[in-house]
Amino acid sequence: MLLLQTLREETDRVIEGLAKRNFKEAPMLVNEALTLDKQRRDIQKKGDDLKAKSNADSKKIGELIKNGKAEEANLLKNQIANDKQAIKADEEKLSELEKKLQDILYKIPNVPHAKVPAGKGAEDNKNVFEHGVVPQLYSGALPHWELIKKYDIIDFDLGVKISGAGFPVYKGKGAKLQRALINFFLAEAERAGYTELQPPIVVNEASGYGTGQLPDKEGQMYFVNADGLYLIPTAEVPITNLYRDVILQEENLPVKNVGYTPCFRREAGSWGAHVRGLNRLHQFDKVEIVQITKPEDSYNVLEEMCKHVQGLLGKLQLPYRKLLLCGGDMGFNSAMTYDMEVFSAAQQRWLEVSSVSNFETYQANRLKLRYKNKEGKMQLLHTLNGSALALPRIVAALLENNQTENGIKIPEVLQKYTGFDSIN
RNA sequence: GGAGAGGUGGGUGAGAGGCUUAAACCAACAGUUUGCUAAACUGUCGUACGGGUUAAACUGUACCGGGGGUUCGAAUCCCCCCCUCUCCGCCA
């Protein structure tokens, strides 16, 4: 969530920035927050002054009693009663205001970076560049949902039987391909200086709030009612929350973590005609990179993380493009997001396989993730993350783009992980 | 799931209604000393939200796992909850 200080001191920048998201309620919410903030400060001042008086009086009573002046003490006790009532009333009012303010702050998304273009949706994203050559497929080339049947490597019907739609079963070389991709991605991340983590894949409510999935996306996560736990939609949630309520040492920055986890998304109501096969699933695998940086470094790191992702796509020899998302297409928490999309040749479509974001202090503020800067002042850090990479659509593109009449070729970099060079 | 013991600042750990403004030690930081390192000594050393200020200085409040309560006054007493540890049960 945004800092109150930012709302107060940079009101215009905030409102103008939020306008790029096509977020119409912004001016109203910001004004409401500022009004509540003013009220809160007034009440706090009043209450604090009363408390100061009452603290002093209590001390006086103690001394009077010690000196055997019980009558004077009792007199003072009676006088305090009124103040006590006023203090209580102020406290109630204060916590009511704080709650209201909090609710409003939760509703205000992050302010897009100055370079983020305004826009409503995907059509307004800025194509930064395209890389690679779209392969010419032989006639009779199949989309991946046909290929997986032909070679019997992924079975959706079996998944339906044991779980439901969107929970595929990977079989034989299909399962090995998954494992190979995960190992390849982890190895590359390690080479780039990321420390591998294996976090839990269920998290508590506080973690959901920490990274901003709650209260915004409550319905998107699977929830384990009996234990009050959420299945993670991305490794970002457990990994970033490791640093909740943490004060990091400057010499330990930047933090670079990578983790492979399954990811779970309810995707309520989003099943449509063009999400066939592996394009959208309830459970999928993803390797996620997370960095925590000093504020002044975060945008360089954002580019560095993109380069890492681009490197992976390049090594897999997949044609891809890099998009700078417009305000309207960006996630709630993000200040700037790049999407990487690969071209899936049989579907003739771009598929999003990675989203790399800088959240600036938006998450850190909720997480209370800070470090002590050179002046000895506590300062919020910046958090960033990116998929590196999400598996299903990579698999879809690999299968489609590398198909030949005699089978599907495995990219050379993957072969040492798969142990085979083609699926046939 | 059952029984017990605990949760105090960056760490260890005292405090058991007003002598606390949370002791002491360690760590950290600054300084003194020193050819360098080490050691010793001196000093500094919490966070959040306010007030105040150009900025500071200064100043108020809250915070001893969380939430309530008793009291003029709570780290301390009472109630509820959460978590950790030990033992038992179950178990990959």
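Because only heavy atoms are used, hydrogens play no part in the values below, and waters and symmetry mates are left out as well, while side chains stay in. None of the values given here were measured: they were computed from a predicted structure. Here is how names work: the chains are called A, B, and so on, in the same order as the sequence lines, proteins then strands, and each is numbered from 1.
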Item to check | Side-chain donor-acceptor contact under 3.5 Å, A/Tyr338 with A/Gln310 | outcome: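 On atom types as modelled, these side chains do not qualify, holding no pair under 3.5 Å.
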Checklist entry - Any side-chain donor paired with an acceptor under 3.5 Å for A/Lys256 and A/Thr195? => result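 Side-chain D/A pair, A/Lys256 to A/Thr195: absent.
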Item to check | A/Gln44 vs A/Lys51, nearer the 5' end of RNA chain B by closest nucleotide | outcome: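 With A/Gln44 and A/Lys51 compared, the 5'-side residue is A/Gln44.
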Item to check | Which residue lies more 5' along RNA chain B, comparing A/Arg370 with A/Lys53 via nearest heavy atoms | outcome: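 Looking at RNA chain B, the more 5' nearest nucleotide goes with A/Arg370.
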Contact list (N/O, under 3.5 angstrom) for nucleotides 63-72 of chain B vs protein:
{"from": "B/C72", "atom 1": "O2'", "to": "A/Ser58", "atom 2": "OG", "distance (Å)": "2.9"}

Gap in Å between the two [atom1] atoms, one belonging to [N] and one to [M], rounded:
N     : M     : atom1 : answer
B/A23 : B/U76 : C1'   : 15 Å
B/G66 : B/G13 : C1'   : 23 Å
B/U44 : B/C25 : P     : 13 Å
B/C87 : B/A75 : C1'   : 30 Å
B/A74 : B/G18 : P     : 11 Å
B/A62 : B/A22 : C1'   : 15 Å
B/A27 : B/G11 : P     : 15 Å
B/U70 : B/U84 : P     : 32 Å

Checklist entry - Quick one: is B/U61 close enough that its OP1 or OP2 comes under 4.0 Å of any side-chain N or O from A/Arg41? => result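 Negative; the distance criterion is not met.
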Is the backbone N or O of [Y] less than 3.5 Å from a side-chain atom of [X], with the two atoms forming a donor-acceptor pair by type?
X        : Y        : result
A/His308 : A/Ala192 : no
A/Glu360 : A/Ala335 : no
A/Glu352 : A/Met340 : no
A/Thr35  : A/Asn31  : yes

For [X] and [N], what is the distance between atoms [atom1] and [atom2] respectively, to the nearest whole Å?
X        : N     : atom1 : atom2 : value
A/Asp48  : B/U61 : CG    : P     : 7 Å
A/Leu101 : B/C49 : CG    : P     : 12 Å
A/Arg40  : B/U61 : CZ    : C1'   : 13 Å
A/Asp245 : B/A48 : CG    : C1'   : 12 Å
A/Asp49  : B/G50 : CG    : C1'   : 10 Å
A/Lys38  : B/G51 : NZ    : C1'   : 12 Å
A/Leu380 : B/U47 : CG    : P     : 13 Å
A/Glu98  : B/G50 : CD    : C1'   : 11 Å

Next on the checklist: Closest approach to the side chain of A/Asn55, judged atom by atom: which nucleotide of B/U47, B/U61, B/C49 is it?
Outcome noted: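 Selected nucleotide (nearest to the side chain): B/U61.
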Over 60° means perpendicular and under 30° means parallel, so classify the ring planes of [Y] and [X], tilted if in between.
X        : Y        : result
A/Tyr230 : A/Phe223 : tilted
A/Tyr209 : A/Tyr106 : tilted
A/Tyr222 : A/His282 : perpendicular

Checklist entry - Can you give the dot-bracket line for RNA chain B, where a pair is Watson-Crick or G-U wobble with both atom distances under 3.5 Å, crossing pairs use [ ], and | marks a partner on another strand? => result ((((((((.[[[..)..(.....]]].(((((.......))))).((((((......)))))).[[[[[..)....]]]]])))))))....
Item to check | Lys NZ or Arg CZ of A/Lys173 over A/Phe420 ring: under 6.0 Å, within 45° | outcome: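 That pair qualifies as a cation-pi contact.
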